[in-house]
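For reference, the structure is listed below as structure tokens.
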2 protein chains.
Amino acid sequence: MAKPRFRRRKEDRPQEITAAALEAFAEKGYSATRVTDVAKRAGVSKGLLYLYFKTKEELFKAVVKSFVSPRIDALKAEIESTELTAEGYFRGPFLAFAKQVPKSPARILVRLMIAEGAKHPDLTDWYHRNVVSHGLAALRSLIERGVRDGEFRKSALQEFPHMVVTPVLFAIVWSLVFGDRAGLNSDRFIEAQVDLLLRAIQADGTDEAGTS
Amino acid sequence: MAKPRFRRRKEDRPQEITAAALEAFAEKGYSATRVTDVAKRAGVSKGLLYLYFKTKEELFKAVVKSFVSPRIDALKAEIESTELTAEGYFRGPFLAFAKQVPKSPARILVRLMIAEGAKHPDLTDWYHRNVVSHGLAALRSLIERGVRDGEFRKSALQEFPHMVVTPVLFAIVWSLVFGDRAGLNSDRFIEAQVDLLLRAIQADGTDEAGTS
DNA sequence: ATAATTGCTGACCCGTTGGTCAGTAAGGAA
DNA sequence: TTCCTTACTGACCAACGGGTCAGCAATTAT
């Protein structure tokens with residue numbers, strides 16, 4: 001009664017494989033990871049992998065798609081339904097979310113997108129349409145609400161909500177490149193920049209901010 | 001009288017090769033670039049390349065080093081010798097410099113560092129010591145001067161001069177990933193963020209900004 | 001001219017890797 | 001128990017790419 005050499009689990013395989021691939025890509029980057037390696041991590045033969053994904057490139061795309069969509073949708077829904085003031089939301093839930101991104105697996109995707117994205121235009125298109133633009137739109141609507149409610153004055157932040165995300169990207173890149181050899185306290189850093197930006201657009205002054 | 005098959009130009013070769021390598025790496029990334037390809041671009045045989053650089057990895061390091069050092073030293077010297085007020089320098093020369101970075105070859109280095117940096121700790125160490133920390137120190141001293149002169153109030157910017165560079169990195173990454181398919185006006189974006197940050201720390205208010 | 005030096009070439013080597021496929025065995029049906 | 005379907009395996013292949021090296025030819029010394 002030898003234990004079976006494998007189990008048939010059609011349902012779970014794709015997820016197992018993309019998860020393994022995410023790990024592998026994260027460690028070595030796309031070109032440098034071997035398909036065999038991904039298969040090994042997933043506890044599966046190379047042949048099976050090619051049964052579910054036609055090429056290595058397909059696998060890459062599947063990895064990106066499967067790990068991104070859920071997160072952004074959650075944030076978007078939350079912003080639209082919150083009872084907090086705009087500033088309250090920025091200083092509370094948004095900051096909490098933003099601080100945690102550089103420590104999450106999401107940072108790995110950033111590296112992959114930067115390193116390999118240019119070679120996969122259809123993938124980055126999808127990414128922009130389904131992730132980035134949704135996220136930015138949510139932030140923008142939050143800022144607009146703040147302006148309507150008299151919390152914020154008019155400012156360039158309405159056109160460039162990106163600014164509020166900018167320190168998150170910076171923290172991710174910093175840790176990708178320098179690891180923890182050159183410590184940057186990403187929590188305090190992100191908080192500090194968001195704080196300064198909010199101060200700059202607070203409606204207690206008189207003139208408009210940054211609409212030059 | 002056939003023209004000679006090649007010319008002996010020991011002096012120029014290394015530069016020619018690193019230049020060609022920069023191009024190639026920029027287009028394909030490190031792993032995906034073939035040494036043969038670099039040699040071909042440089043108008044040189046593969047064998048010669050290996051005469052000047054022991055391995056592909058050595059070549060990579062040489063590329064990074066040769067293209068970075070000059071730039072940062074120039075900026076540093078300029079900041080230390082300028083006659084402008086701190087704010088004047090930020091809004092003038094600094095902004096001009098910052099705007100032009102995302103369009104320059106420097107952006108390519110950013111991609112290389114993000115994509116491959118983690119695999120070359122000695123290289124990123126060198127990069128941090130000789131480039132990043134110099135740049136940040138220069139910015140910090142400029143901000144401190146602004147505080148001493150009463151232009152700026154005390155703020156988190158003293159601890160995190162990074163914030164002022166953040167939109168530059170963002171613009172670079174954006175263009176690397178999305179090209180010009182999702183247009184971000186990097187000039188206006190960078191200017192807007194620097195403007196908001198400067199407003200936030202202007203000394204016309206009463207309390208300290210962002211030292212929470 | 002001739003020889004000595006050395007920058008340079010490119011064919012070759014061999015380990016690696018994306019991708020294939022004939023065969024094996026798990027699990028369900030009858 | 002037997003048969004059938006199909007999830008799964010892993011040996012194999014052809015191409016590729018980093019790295020080598022024996023020899024060639026541009027330049028310099030004599």
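Below, each value reflects all heavy atoms present in this structure, side chains not excepted, and no hydrogens, waters or symmetry copies. Residue numbering restarts at 1 for every chain, and letters A, B, ... go by the order of the sequence lines.
Comparing B:Lys10 and A:Tyr30, the nucleotide of DNA chain C nearest to each residue sits closer to the 5' end for B:Lys10.
Within the nucleic acid shown, B:Thr33 comes within 4.0 Å of sugar-phosphate atoms alone, with no base atom in reach, counting heavy atoms only.
Taking 4.0 Å as the cut-off between side-chain N and carboxylate O, A:Arg13 and A:Glu16 count as a salt-bridged pair. A salt bridge links A:Glu87 with A:Arg91: at least one charged nitrogen is closer than 4.0 Å to a carboxylate oxygen. A salt bridge does not link B:Lys40 with B:Asp37: none of the charged nitrogens is closer than 4.0 Å to a carboxylate oxygen. A salt bridge does not link A:Glu58 to A:Lys61: none of the charged side-chain nitrogens sits closer than 4.0 Å to a carboxylate oxygen. A salt bridge links A:Lys103 to A:Asp187: at least one charged side-chain nitrogen sits closer than 4.0 Å to a carboxylate oxygen.
The separation between A:Lys54 atom NZ and C:dT20 atom C1' is 14 Å, rounded to whole Å. To the nearest angstrom, C1' of C:dA26 lies 13 Å from CZ of A:Arg9. Rounding to whole angstrom units, CZ of residue A:Phe53 and C1' of C:dG18 are separated by 16 Å. Distance CZ (A:Arg34) to P (C:dG18): 5 Å, rounded to an integer number of Å.
A distance of 10.5 Å separates CG in A:Leu157 from CZ in A:Arg140, rounded to the nearest 0.5 Å.
Residue A:Arg8 has no polar side-chain atom (N or O) positioned under 4.0 Å from OP1 or OP2 of C:dG27. In this structure, A:Arg13 reaches the D:dC8 phosphate: one of its side-chain N or O atoms is under 4.0 Å from OP1 or OP2. Regarding contacts with the backbone of D:dA26, every side-chain N or O of B:Arg7 stays at 4.0 angstrom or more from both OP1 and OP2.
For the segment residues 35-52 of chain A, the set of residues with a heavy atom within less than 4.0 Å of an atom of DNA chain D comprises A:Val44, A:Ser45, A:Gly47, A:Leu48, A:Tyr52, in numerical order.
Side-chain proximity of A:Lys56 to the nucleotides C:dG19, D:dG18, C:dG10 is greatest for C:dG19.
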